[in-house]
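Take a look at the structure below.
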Amino acid sequence: MHALSIPTWIIHISSVIEWVAAIWFISIYGNITHNRVWYGLSFAMLPALVSAMCACTWHYFDNDPNLEWLVTLQASMTLLGNFTLLAAAWWIFSESKKGVENR
């Protein structure tokens, strides 16, 4: 665990906790409003969470070269997460336009 300082670890871990909380709150919001697009957003956030967990795991093991595949997985999950978040944002946008047109 020498790869990161204590303050950096605090930021990494709190970011993961915040992301989990955001996913949870967004899914609750979707449940309360009965709006599927919010479930889509919470699901679309999962690859980014996996990416963050890969980074924390790799750093926890002092950036061990044997775990370098985690870096590739992190990059892949970041790319996938960016696309899933784009799709979720587009879905929210298109559904909100339909709601405005139906008023």
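Everything numeric in this text was worked out from a predicted model, so none of it was measured.
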Revision key, fill the gap. All heavy atoms of Ala88 vs all of Leu41, minimum pair found to be CB-CA, 3.8 Å
Check your understanding: So how far is it from Cys56 SG to Leu4 CG, rounded to the nearest 0.5 Å?
Key -> 8.5 Å
Revision key, fill the gap. d(Trp69 CH2, Cys54 SG) to nearest 0.5 Å is 6.5 Å
Practice item. Return each pair, listed once, that meets side-chain hydrogen bond (donor to acceptor under 3.5 Å, both in side chains) where at least one residue sits in residues 27-54; pairs must be two or more places apart or across chains. Key: Asn31-Tyr39, Ser51-Thr78
**Study point:** Ile92 reachable from Leu46 in the ILVMFWY side-chain graph, under 4.5 Å edges
**Key:** yes
Study note, to complete from the structure: Separation between CH2 (Trp90) and CG (Leu85), nearest 0.5 Å, reads 15.5 Å
Exercise for review: Treating Ile, Leu, Val, Met, Phe, Trp and Tyr as nodes and any side-chain heavy-atom pair under 4.5 angstrom as an edge, say whether Ile28 and Ile26 lie in one connected cluster.
Suggested key: no
Check your understanding: Under a 4.5 Å side-chain heavy-atom rule over Ile, Leu, Val, Met, Phe, Trp and Tyr, are Met45 and Phe93 clustered together?
Key -> no
Review point. How close do Asp64 and Trp58 get, heavy atom to heavy atom, and via which atoms?
Key: O-NE1, 3.3 Å
Exercise for review: Could you check Leu70 against Gln74 for side-chain contact (heavy atoms from CB on, under 4.5 Å), going step by step and ending with a plain yes or no?
Suggested key: CA-CA 6 Å; Leu70 281 172; Gln74 179 200 6; over 6 Å; no
Review point. Do you know which two heavy atoms are closest between Pro47 and Met77, and how far apart they sit?
Key: O-CB, 3.4 Å
Exercise for review: Drop me the distance from Thr8's OG1 to Ile13's CD1, to the nearest 0.5 angstrom.
Suggested key: 11.0 Å
Study note, to complete from the structure: Rounding to 0.5 Å, atoms CG (Asn66) and CD (Glu68) come to a distance of 9.5 Å
Check your understanding: Shared ILVMFWY cluster between Leu73 and Met53, side chains joined below 4.5 angstrom?
Key -> no
Exercise for review: Using the rule that two of Ile, Leu, Val, Met, Phe, Trp, Tyr join whenever any of their side-chain heavy atoms come within less than 4.5 Å, decide whether Val50 and Leu79 are in one cluster.
Suggested key: no
